[in-house]
Asks: 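Okay, here's the structure, questions in a sec.
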Number of protein chains: 2
Amino acid sequence: MDPLSATFSALADPTRRAILARLALGQTNVTELAEPFDMSLPAISKHLKVLERAGLISRGREAQWRPCTLQAAPMQEVSGWLESYRKFWEASLDRLDLYLQNLKAEETGNDK
Amino acid sequence: MDPLSATFSALADPTRRAILARLALGQTNVTELAEPFDMSLPAISKHLKVLERAGLISRGREAQWRPCTLQAAPMQEVSGWLESYRKFWEASLDRLDLYLQNLKAEETGNDK
DNA sequence: CCCGTATTTAACTATCAGGTTACATAAAGC
DNA sequence: GCTTTATGTAACCTGATAGTTAAATACGGG
């Protein structure tokens, strides 16, 4: 799978995004990561593998713990990809803005 | 499925991203969208449905054609979500930068 | 060396995603 | 109304995902 697709599909799961959010607070181990979820440990282990293969986390070894660390570089790829579309959503926001302005103008009777 | 997950998973497919890239050039119909792909029309139709459900395109009606239009608003959501991680990839780039500088310094014997 | 803790792997199941072909529907034009 | 063109839906297949439980592995400490 191409890297961008791997990143997008890793991010397409709320559990995995929550894991990343937790890791943004600092490196931690698997059991602690699993804590908030109503899910078996192997399930979390699989999610971690997905994140790892996408390059979004790295895993070390510290005695019997496997500390996970956030690696945000792939997100930068996503951000770069998105960039070329920015003008489109900004344009549509402008249109929305315009629409809302017209709406308001009509309401107050100031519109042509 | 939550909107963010829907957007990420819609974007996790190269065919769909290519469709969006085409639509960035302007609105077009299904047959023309399908043209570059070695894939049946129903397959494209399914991809379009995924994009539509994620809110990334909208479809009109013009005689027997269904013109598709890019709707980038969900990308803005993604962009917003990514924003909170920006400092992480910027930090790691800084570390990479530092690493490369050190490497260069070592090479030229100017290090430490 | 055995034990407890942390984590992964194996085997299995159910659902979903992405593709196919065949058929159905929509609209225009003769 | 029939035909053509454009598109969508149905039924089906295959492989991937996401979860489960049970067993295996890795490591530190008595």
Side-chain angles (χ1 to χ4, degrees), chain A residues 1-23 26-71 74, chain B residues 1-23 26-71 74:
Chain A
M1 184 157 46
D2 66 289
L4 201 49
S5 296
T7 305
F8 275 126
S9 83
L11 295 179
D13 182 289
T15 302
R16 286 193 291 262
R17 289 197 304 276
I19 289 176
L20 293 174
R22 167 63 189 81
L23 289 178
Q27 158 180 308
T28 190
N29 62 48
V30 179
T31 312
E32 192 181 321
L33 274 178
E35 237 281 332
F37 303 104
D38 186 21
M39 200 179 292
S40 70
L41 222 49
I44 299 295
S45 195
K46 282 192 185 180
H47 281 304
L48 292 176
K49 185 171 287 184
V50 172
L51 290 169
E52 189 177 25
R53 300 202 68 186
L56 285 162
I57 65 170
S58 63
R59 285 193 274 188
R61 164 73 78 181
E62 220 172 282
Q64 65 266 63
W65 294 275
R66 308 294 313 272
C68 299
T69 312
L70 178 64
Q71 299 292 338
Chain B
M1 184 157 48
D2 67 288
L4 202 48
S5 297
T7 305
F8 275 126
S9 83
L11 295 179
D13 182 289
T15 303
R16 287 194 290 263
R17 290 198 303 276
I19 289 175
L20 292 174
R22 169 60 190 81
L23 289 178
Q27 156 181 309
T28 191
N29 62 47
V30 180
T31 312
E32 192 181 322
L33 274 178
E35 236 282 334
F37 304 103
D38 186 20
M39 200 179 294
S40 70
L41 222 48
I44 299 294
S45 195
K46 282 192 184 183
H47 282 304
L48 292 177
K49 186 172 287 185
V50 172
L51 291 170
E52 189 178 25
R53 300 202 67 182
L56 285 160
I57 65 168
S58 62
R59 287 192 275 188
R61 165 73 78 182
E62 222 173 280
Q64 65 267 63
W65 294 275
R66 309 293 314 272
C68 298
T69 311
L70 178 63
Q71 299 292 337

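The sequence lines fix the lettering, A, B, ..., with proteins before strands; numbering per chain opens at 1.
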Asks: Which pairs, with at least one residue in residues 34-58 of chain A and sequence neighbours excluded, count as a salt bridge (charged side-chain N to carboxylate O under 4.0 Å, His left out)?
Replies: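 Counting only pairs at least two positions apart or across chains, the salt bridge (charged side-chain N to carboxylate O under 4.0 Å, His left out) contacts touching residues 34-58 of chain A are E52(A)-R59(A).
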Asks: What N/O pairs connect the protein and nucleotides 15-25 of chain C at under 3.5 Å? Give each pair on its own line.
Replies:
from	atom 1	to	atom 2	distance (Å)
dG18(C)	OP1	R16(B)	NH2	3.1
dG18(C)	OP2	R16(B)	NH1	3.2
dG19(C)	OP2	H47(B)	NE2	2.3
dG19(C)	N7	K46(B)	NZ	3.1
dG19(C)	O6	K46(B)	NZ	2.2
dT20(C)	OP1	S40(B)	N	3.4
dT20(C)	OP2	S40(B)	N	2.9
dT20(C)	OP2	S40(B)	OG	2.5

Asks: To the nearest angstrom, how far is L51(A) atom CG from dT8(C) atom P?
Replies: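 Taking atom P of dT8(C) as the reference, CG of L51(A) is at 12 Å.
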Asks: Kindly say if R61(A) contacts the phosphate of dA26(D), meaning a side-chain N or O under 4.0 Å from OP1 or OP2.
Replies: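 No.
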Asks: Any donor and acceptor pair, going by atom type alone, linking the side chain of R66(B) with main-chain N or O of G60(B) inside 3.5 Å?
Replies: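 A pair under 3.5 Å: yes.
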Asks: So, OP1 or OP2 of dT8(C): does either fall under 4.0 Å of a side-chain N or O from S45(A)?
Replies: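 Checking dT8(C) against S45(A), a side-chain N or O does come within under 4.0 Å of OP1 or OP2.
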Asks: Please report, rounded to the nearest Å, how far the P atom of dA6(D) is from the CD atom of E35(B).
Replies: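 E35(B) atom CD is separated from dA6(D) atom P by 12 Å.
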Asks: Quick one: list whatever passes side-chain hydrogen bond (donor to acceptor under 3.5 Å, both in side chains) with R17(B), sequence neighbours left out.
Replies: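 In terms of side-chain hydrogen bond (donor to acceptor under 3.5 Å, both in side chains), with neighbours along the sequence ignored, R17(B) is linked to D2(A), S5(A).
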Asks: Between dG8(D) atom P and N29(B) atom CG, what is the distance in whole Å?
Replies: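 Rounded to whole Å, this separation is 10 Å.
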Asks: Looking only at side-chain atoms of A63(A), point me to the closest of dG28(D), dA6(C), dT8(C).
Replies: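 For the A63(A) side chain, the nearest candidate turns out to be dG28(D).
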Asks: Among residues at least two apart in sequence or on other chains, which ones pass side-chain hydrogen bond (donor to acceptor under 3.5 Å, both in side chains) with S40(B)?
Replies: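 S40(B) satisfies side-chain hydrogen bond (donor to acceptor under 3.5 Å, both in side chains) with no other residue.
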Asks: So, using side-chain hydrogen bond (donor to acceptor under 3.5 Å, both in side chains) as the criterion, who are the partners of T31(A) when residues are at least two apart?
Replies: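 Once residues adjacent in sequence are excluded, T31(A) has no partner under the side-chain hydrogen bond (donor to acceptor under 3.5 Å, both in side chains) criterion.
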Asks: Starting at CD of E62(B) and ending at P of dT7(D), how long is that distance when rounded to a whole Å?
Replies: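 From E62(B) CD to dT7(D) P: 11 Å.
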Asks: Return the value, rounded to whole Å, for the distance between atom CD1 of I44(B) and atom P of dT9(D).
Replies: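 From I44(B) CD1 to dT9(D) P: 16 Å.
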Asks: dA26(C), OP1 or OP2 - any side-chain N/O from R66(B) closer than 4.0 Å?
Replies: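 Indeed not, no polar side-chain atom of R66(B) lies that close.
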Asks: Could you tell me which non-hydrogen atom of T28(A) sits nearest to which non-hydrogen atom of L23(A), and how far apart they are?
Replies: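 Smallest heavy-atom distance, with atoms named: CG2-CD2, 3.8 Å.
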Asks: Mind checking side-chain hydrogen bond (donor to acceptor under 3.5 Å, both in side chains) for Q64(B) and listing every partner two or more places apart, or none if nothing turns up?
Replies: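 Applying side-chain hydrogen bond (donor to acceptor under 3.5 Å, both in side chains) to Q64(B) gives none.
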Asks: If I take atom CZ in residue R59(A) and atom C1' in nucleotide dT7(C), what distance separates them, rounded to the nearest angstrom?
Replies: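 Checked: the CZ to C1' distance equals 9 Å.
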Asks: Need to verify one output field. Residue with the more 5' nearest nucleotide on DNA chain C, Q64(A) or K49(A)?
Replies: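 By nearest-heavy-atom nucleotide position, the 5'-most residue is Q64(A).
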